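Fair warning: this is a prediction, and the values are worked out from it, not measured in the lab. Convention: sequence-line order gives letters A, B, ...; per-chain numbering from 1.
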Amino acid sequence: MSDGRYNIPKQYKVDKGMPLDTLFEKIENAKCRRVFETEIVSVEWSYHLVSKEGITNIAELVREKGLSVFEIKLKRKIAPDLLTEVFAGLIRKPMVMIYLCSGELSMGIFLPASGRTAGRMCATDFYPYDAERMINLMDYELDRDKSAEQIGMRIFSVIRSQKRAIMIEKAYERLSRESENEMLSFEFSLENLDKIRADADFVQAQLRNM
Amino acid sequence: MDSGITRAIAATVLNSLKSGVVPRIGLEYITVGRRNEIQALLQDVSIIEQGGGAIRFIEGKYGSGKTFLMHALRNHVMERNFVVTDVELSVDRRLVGNKGQGLATYRELIRNMATHACPDNGALQLILDKWIGTLENEVVQYEGLVPGHEAFDVRVSQKIYKITSSMEERVNGFDFGKVLVSYYKGHRTGNVDLQKKALRWLCGEYRTRTEAKTDLGVNLIIADDNWYDFIKLFADFVVKAGYAGLYVCMDELATLYEIPSRVGREYNYNKLLSIYNDVLQGKAVHLGIIVSVTQKAMEDPTRGVFSFGPLRSRIEDTAYLSGGADGLRDMASPVIKLSALNPGEMYVLLEKLAGMHGILYGYSPKLEHDDYIYFLKKQYQKNAEGDEVTVRDMIKNYITLLNLIQQNQEVPKEKILRADEKNVSHAGE
């Protein structure tokens, strides 16, 4: 199954579900294996970006070196860094991981060490699934005539900058939530409510006094 | 819950709020979190009682409680023996306009005059009759003359003329006094037709001077360009008729902001400026004016009140308020900015409404501390998610909730409280 729609290093649709039992058997840490077995619903190898054109069958495609895109559905949120690290250890090839859970998504990337560069890994926190914050895996203008490795580097830098933005946003949300909770706990304190009641009674008395 | 709330008051308040409109009565029982504003406005009322004038702009978002505050004041001053009147400005009712919109505002104000004895508008005739009746009583009480005595009418007439002539020095006061005398003449001679003509004139319903001259012998009619002079004359007159003053409520000044032509807007703002100057310079006595306006209609520099330089320079916050003393409020400023009720104030309001609901339906509302907090957090959460939820919306939702809980007492209240959460998640799915 392949799809040669773009005039860039080819993005082929793989659409192949992983046999999870076999995959997770390789996880050495028993606790980690248990977490993965319990919380991961499915792992789907969705796309494979390769530099070579004209691939006609899936067997040839999966043998070709490139950048794989996996979509992982989760029952509950697990730290994306942990997920990426463990999947990197299991699959050991360049890959982008898209984690989906409760209407939110997170993205991770692993680029193993090549001749000149050290291995790289990065993952964003979960964030609401919306078009504005969607990370574009493919940028057809930028990626024209680029190799799969170059595309991997670009996606890595996008994910890393998104990670920072999402971290800041989450920290800010937490801060707002904390200050809002503080404010509300003051607002609904018996002391404050009594003061407001007394003020209201005073106003009522004034409005009723002729 | 304070005593004094009857089932009728509770029904009026809850039904009005449920429909998103401000009730006419019972507002004092649910006024929460407006202590400073009410204090400032009551201070104005004292000044008006003592012969001064006051004008205030109540600025706030839609649904923030501007009309509520105005009506609360209206009811209060009515009980303090004021004549009150109100008008909702609209496309057809402005301060000035080329199709008689200013006069239409005046007519509405006269039509909506109300007093303690006649709280539901249409009090003009009653005011006039009370005035004449009071003078007749004085003649009976202090001069020992009884109706029918040959000197009785003369003495009453003398008193009437004394009052009307004291108004002659005011702008248009001569004609105004003359019409009052005509009304009295009609009263004395049983000429109902003459009384009606005088009332018609006072209501601004004469279209031509000729007609007014023929019917009442006056050379003037109330029109777009002079109607405000007659409001001032009424303020003066009602005090002479035994009232404490005239209190005018103008709602929806935002209508002026919506006038499409710049010239039209400026004419109206100019009129507002002359009213403002008049009242604050002491030219208007015993007159209070309260105007509600949205923040945008006030502060928009291109179309709002602030687009008119002379008004802006008079009513804009000074550097102290807009700068270093930010967060502090000057309640003596002509503009009272209504902030949204804070969560604690909303909580107390919910308590009060629950109490009223209990009085109306004869039960004890089951809502507790945590339920109020839960409800409010849900409402504020909607705001945080981008849905604009005003106090008005929250109250509507809350009264619906109270109704559901009262009507379905066999259903656990938690289930009803969380019903809206279910709707949200269904919508999300």
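Counted within 6.0 Å of CE on Met183(A), heavy atoms from surrounding residues, nucleotides or ligands total more than 12; the atom is thus considered enclosed. Counting non-hydrogen atoms of other residues, nucleotides and ligands closer than 6.0 Å to NZ of Lys65(A) gives a total of 12 or fewer. Counting non-hydrogen atoms of neighbouring residues, nucleotides and ligands closer than 6.0 angstrom, the NZ atom of Lys170(A) exceeds 12 such neighbours. No more than 12 heavy atoms of other residues, nucleotides or ligands shown are found within 6.0 angstrom of CD on Glu85(A). In Lys366(B), the NZ atom is crowded: over 12 heavy atoms of neighbouring residues, nucleotides or ligands sit closer than 6.0 Å.
Taking the side chain as every heavy atom from C-beta outward, Glu187(A) and Asn342(B) approach each other to under 4.5 Å. Tyr347(B) is not listed as a side-chain neighbour of Asn192(A), based on a closest heavy-atom distance of 4.5 Å or more. In this structure the side chain of Gln204(A) reaches within 4.5 angstrom of the side chain of Lys352(B), judged on heavy atoms. Put simply, the side chain of Glu345(B) does not reach to within 4.5 Å of the side chain of Asp199(A), judged on heavy atoms.
When all heavy atoms of Arg208(A) and Gly4(B) are compared, the closest pair comes out as NH2-CA, 4.3 Å. When every heavy atom of Val348(B) is checked against every heavy atom of Ile196(A), the shortest pair comes out as CG2-CG2, 3.6 Å.
Ranked by non-hydrogen atom pairs under 4.5 Å with chain A, the options Ile38(B), Val32(B), Ile30(B) are led by Ile38(B).
Neither the backbone nor the side chain of Leu349(B) has a heavy atom closer than 4.5 Å to any heavy atom of chain A. Interface residue Phe202(A): only side-chain heavy atoms are found under 4.5 Å from chain B. With a threshold of 4.5 angstrom between heavy atoms, Leu184(A) approaches chain B through side-chain atoms but not through N, CA, C or O.
Side chains of Gln39(B) and Gln206(A): a donor on one and an acceptor on the other come within 3.5 Å.
Atoms CG and CG, on Leu73(B) and Leu207(A) in that order, are 7.0 Å from each other to the nearest 0.5 Å. Rounding to the nearest 0.5 Å gives a distance of 12.0 Å between OH of Tyr29(B) and CG of Asp201(A).
Contact check on Arg197(A) versus Glu351(B) returns a salt bridge, with a Lys/Arg side-chain nitrogen under 4.0 Å from an Asp/Glu carboxylate oxygen.
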